[in-house]
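Below is one structure, written out as structure tokens; comments come after it.
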Amino acid sequence: QVQLVESGGGLVQPGGSLRLSCAASGITFSNYHVAWYRQASGKQRESVATFSSGGLTNYADSVKGRFTISRDNAKKTVYLQMNSLKPDDTAVYYCNIRADWATYWGQGTQVTVSS
């Protein structure tokens, strides 16, 4: 059974940092593309950052230079380092792991940026 467990969300002041983690089990992690999405209240879910199984990364324009996605295939974990956080970054963040044959989502973790 595939399971994704997210952690690391919380309340942070503007300009602060958070690191999200998403640990996978039940899959051959290295075969999958990984990504982080977010959904703010009243808005559609949007892609934040992606990390392909081949090592390519891509970021939404709104987070370039502030967020970094990384993966540890041995630990079956994907990370999102978020720096210089802004109130507009407030959202529920979801990890996504996908291949041609399947897609899996984490349960979501709340990130709130507020003073």
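Here the structure is a predicted model, which is why all the values come from computation and not from measurement.
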Check the hydrophobic clustering (I, L, V, M, F, W, Y; side-chain heavy atoms under 4.5 Å; chains of links allowed) and say if [X] and [Y] are grouped together.
| X | Y | value |
| --- | --- | --- |
| Tyr79 | Phe29 | no |
| Val92 | Val111 | no |
| Phe67 | Ile69 | yes |
| Tyr59 | Val78 | yes |

Give every residue pair that meets the side chain to side chain donor-acceptor pair (under 3.5 Å) criterion with at least one member in residues 24-36, sequence neighbours excluded.
->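 Matches after skipping sequence neighbours: Tyr32-Trp101.
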Provide the full list of side chain to side chain donor-acceptor pair (under 3.5 Å) pairs with a residue in residues 88-97, sequence neighbours left out, each pair given once.
->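 Matches after skipping sequence neighbours: Arg38-Asp89, Arg38-Tyr93, Arg66-Asp89.
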Side-chain touch [X]/[Y], heavy atoms, less than 4.5 angstrom:
| X | Y | result |
| --- | --- | --- |
| Leu20 | Met82 | yes |
| Leu11 | Ser114 | yes |
| Trp105 | Ile97 | no |

Test item: [X] side-chain N/O and [Y] main-chain N/O as donor-acceptor pair under 3.5 Å:
| X | Y | result |
| --- | --- | --- |
| Lys76 | Ile27 | yes |
| Gln1 | Gly26 | no |
| Gln39 | Ala91 | no |

Can Arg45 be said to sit on top of Tyr37's aromatic six-ring, NZ or CZ under 6.0 Å from centre and within 45° of the ring axis?
->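 The answer is no, since Arg45 fails at least one limit relative to Tyr37.
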Tell me the salt bridge (Lys or Arg N to Asp or Glu O under 4.0 Å) pairs involving residues 7-27, sequence neighbours left out?
->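 Not a single pair qualifies under salt bridge (Lys or Arg N to Asp or Glu O under 4.0 Å).
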Pairwise distance CZ(Arg98) to OG1(Thr50) - rounded to 0.5 angstrom |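 Result: 7.5 Å between the selected atoms.
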Atom pair OG (Ser70) and CG (Leu80), whose distance is rounded to the nearest 0.5 Å =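 Taking OG in Ser70 and CG in Leu80, the distance rounds to 8.0 Å.
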Would you say the side-chain atoms of Asn83 and Ser17 include a donor-acceptor pair closer than 3.5 Å?
->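 The answer is yes; a qualifying pair exists.
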